[in-house]
Every structure is written in structure tokens, then in C-alpha cells.
There are 2 protein chains.
Amino acid sequence: MYAAMTHPLEDYICRKIGERPVGLDLVLAQFTELRIKRNHVLLEEGKICHRCYFVVEGCLRLVTYNRNGEESTSNLIFEQEWVTSIQSFVNRQPANERIQALESSQLYAISFDAFQHLVKTVPPFETIYRALLEESYVHSTQRVMSLLGMDALERVRWLLSFQPLIFSRLSNKVIASYLGLSPETLSRLKMKL
Amino acid sequence: MYAAMTHPLEDYICRKIGERPVGLDLVLAQFTELRIKRNHVLLEEGKICHRCYFVVEGCLRLVTYNRNGEESTSNLIFEQEWVTSIQSFVNRQPANERIQALESSQLYAISFDAFQHLVKTVPPFETIYRALLEESYVHSTQRVMSLLGMDALERVRWLLSFQPLIFSRLSNKVIASYLGLSPETLSRLKMKL
DNA sequence: GAAAAACATTGACCTATATCAACGTTTTCA
DNA sequence: TGAAAACGTTGATATAGGTCAATGTTTTTC
């Protein structure tokens, strides 16, 4: 039970940097804990996203709506990952996506202003943020490639090999909307695996 | 002809930062100029991408190949933009995409090691890199949303409104492969605009 | 813990987009 | 500059995946 004795975000940061950085308490002080229930909407589309969240426990998704009101899952976020509507958070513009909890979740939240301040004044924080942006960008480009070049079955296999966790934890409907498929199609493809 | 008197990369960096940063000459010294012809392949898939390029003049694309050898354009890069195979460059792993010139181009290249060194030792360089990652990540997420939630005609209109330059400069075939469409479909859709 | 709602699956059918083929036009390059 | 190759467009046809509907199952809620 040692894990429960330390601050989850402290663990994360120390692990990422490989040491306990100077000024860490100052960083941690900028975050507030937050617990939300399944289906809770953290951000509605059209609103500006003023916060960035670290996921301690649980799972969330970014949801976009097309002209006909049909939803797509533009991203899935699990433990030890961060979530925000990046375009809205960075550019201070209305979000074109919603942030919704898929499971009851425990989060740490930081405001845009505090985030910017840390990025500017705490070098290790900027480094973590940069590394996170690299990871996220790489992931997003891989996703674009899969959507451009693979058919439905290939995408299912690709997701199964790189993020098998998703299949054991999320509903058929959510997985389908993340893959750009109808639930019926995903249901049928699962039999062909 | 004033523009020709200064270093294009110097211009870019000063414009991004809003002033001439200390140590800029040190940064510029790490880059080497490079001129390539249309269709030249800067990086082949399967090789590790050891360099990052700033585009002074011209246009390039990132190309991925699926199981059947059909190509998709995973990104398009114009003047004043950067190109590398990000996953390969950052993680030192074989690239799953090719970098190819669509026009004869003038570039400035920097090696991975020099790039890392600048990121670590020249704070304004890290800041520019971070801002670039933010922009690129935002762009990539928008692309995912368009591929998940829009039909072919909507994607064409979307591209036309956000990057009209592309239509005046690139071939029907390349635009189609960037939109995830066959050339025939794009050809037909253009009449419906 | 029972009723209601949401979900997963399967079948029948439909449609957006791909594929294949033909042909004229543009580009490339010897 | 002229032959060959690549490209763009259009028509005919094929198909992957979507939509609609029915049914049984799981989850939510009061």
C-alpha cells in the first residue's frame, strides 16, 4: 500500500524526469483534485477549455459531432494520461469537441494560466509538456495513417495489437465510434478475428 | 529584394519569437542548406529519419503505403513549415512513411543530435519547437476529426476553406490521396462545389 | 428488484465511394 | 520536337460498410 501514501501526480512527474525536480511542490500546488461520475461532461463543445486534466483513475473520451449530430470519438484517455481539448486550450477558442467520462474518474486539474506559468518558469515542467506533445502528435499521425490507408478489419486488428486494453474496457459502441465504424460493422468484424 | 539579403531561417525564428534571440548564430550554424528536385525522396520508409527540414521554398509530402502498396499522403508541407518523420525522428525508429518533394525545393536541414542539443541549451529554440508541436498536434487532431466525421464532399469543402492553396498548387491525384479519396471521386466532387 | 433504457447482435437491404476501362490532354524527357 | 508516360475526366459496374429493423441481453434507475 505504499502507492497510496504518495501523490499520484508526484509519482508521474518523478518517473518521467527520473528524479525529484526542484520546485515540484510549487507545481503540485497548482493542481486540484476532482472526482467525476461516469458520463459526466467536463467540457461542452462550443465552450472554451480552461483546464487540463491528469487522469489518476478512470477513463474519458473526446467526442465530436457532425452536421447530423452523429458522434465520433476523437480520442480516448486512460490512467496516467492527460486530457484537454488541445485546440481550445492552446488557442483560447471554442472547442469543437466534448470531454466526457466513460467511467467514474479521479483527476487532477490545472488552469490554463497556471499551466502557462509553470511552462515558463519551471523548466522540467516544460520538458514534460514537450515530451507529451511529441507522444500525442505521434499517436495522432499514426491514427491519420490508419484512417487513410486501412480498411475496417485492418483498423480493428491494429487497435487490438496496439491498445488491447480498449477492447476489454470499453463498449462496442464506443470502440466503433473511435474506429470510424458503425457498431453493427464492428460487431460483425469481431467474429472474423 | 531586401528579403534575399537575410537568412530565411533567421527571419522565421525572429518572427516567431518577436525579437532576435541571444545565441541565434549558434542555432543557424547547425543548419545546412539543401536543394532538391521535384520527386526527390528525402527519406525512404523503413529507414530512420536523422534530420529535420525547414522549407524555404517548395513543397513536400509524407507518403505511407498500405498492404497493397497503394499510397496515401499523410501530410503536406509548404514554405515556412517544417518536415520530418516525427515518430522516426523522435524515437529513433524506422519510419513508416516516405518524405518526397512535390516541387523542386530549397531546405535547411538539421541533424537529430544538433536538434536535441539546441532544444536543451537554447531556451527560445525549445519554445519554438514546443509551439510547433502544439500547432502540428492541433492540425493532426482536426484531420482525424474530418476523417471520422465528414463524408467526401464535406472533406473537400473543409480543405478548400482551410487550405485553399493546396488546390491551386497540387495535382488532383495528390489532393485525393491527402483526403483519403480516389482521384476519380475527387474529380467528380469538384464539379459539385 | 422490477420496469425502462441502453446495448449487442444478426439479417435484409441500400448507398457512397472504389474500381475498371476508355479516351483526350498535359507533362516529361531523350 | 516528338514519343512515351502520367494525368484528368467520364461512364459503367462492383463492393465495403452503412442503415434500418427485430430480438435478446445487459445496465440503469427509481
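Naming convention: chains lettered A, B, ... in sequence-line order (proteins, then strands); numbering from 1 in each chain.
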| query | Got a donor-acceptor pair under 3.5 Å from the side chain of B:Arg188 to the base of D:dG8? | reply | no
| message | Taking the basic N atoms (NZ, or NE/NH1/NH2) and the acidic carboxylate oxygens, is any pair closer than 4.0 Å for B:Glu184 and B:Arg188? | response | no
| said: I want to check one thing: is the phosphate of C:dT28, taken as OP1 and OP2, less than 4.0 Å away from some side-chain N or O of B:Arg38? | reply: yes
| request: Can you spot which of A:Arg169, A:Arg35, A:Lys37 makes a salt bridge (charged side-chain N to carboxylate O under 4.0 Å, His left out) with A:Glu103? | output: A:Arg169
| message | Looking at every non-hydrogen atom in both residues, tell me the closest pair between A:Thr73 and A:Leu76 and how far apart they are. | response | CG2-CD2, 3.7 Å
| message | Closest-nucleotide mapping onto DNA chain C: is B:Asp151 or A:Val174 further toward the 5' terminus? I mean the 5' end. | response | A:Val174
| query | Using a cut-off of less than 4.0 Å, is there contact between a side-chain N or O of A:Lys190 and OP1 or OP2 of C:dT9? | reply | yes
| field | Side-chain heavy-atom pair B:Leu28, B:Tyr108 within 4.5 angstrom cut-off | value | no
| request: Report which part of the nucleic acid B:Arg155 touches: base, sugar-phosphate, or nothing (heavy-atom distance under 4.0 Å, all strands). | output: nothing
| A:Thr185 vs D:dG18: side-chain N/O to OP1/OP2 distance below 4.0 Å | yes
| query | So what is the end-to-end bend of the helix from C:dG1-D:dC30 to C:dA30-D:dT1, with 5 pairs used at each end and the value given to 10 degrees? | reply | 70°
| request: State whether A:Tyr178 and A:Arg61 meet the cation-pi test: NZ (Lys) or CZ (Arg) under 6.0 Å from the six-membered ring centroid, and within 45° of the perpendicular axis. | output: no
| field | Qualifying residue for salt bridge (charged side-chain N to carboxylate O under 4.0 Å, His left out) with B:Arg98, from B:Glu45, B:Glu44, B:Glu71 | value | B:Glu45
| said: Short of 4.0 Å, heavy atom to strand atom, which residues of residues 156-163 of chain B count as contacting DNA chain D? | reply: none
| Salt bridge flag under 4.0 Å for residues A:Asp25 and A:Arg20 | yes
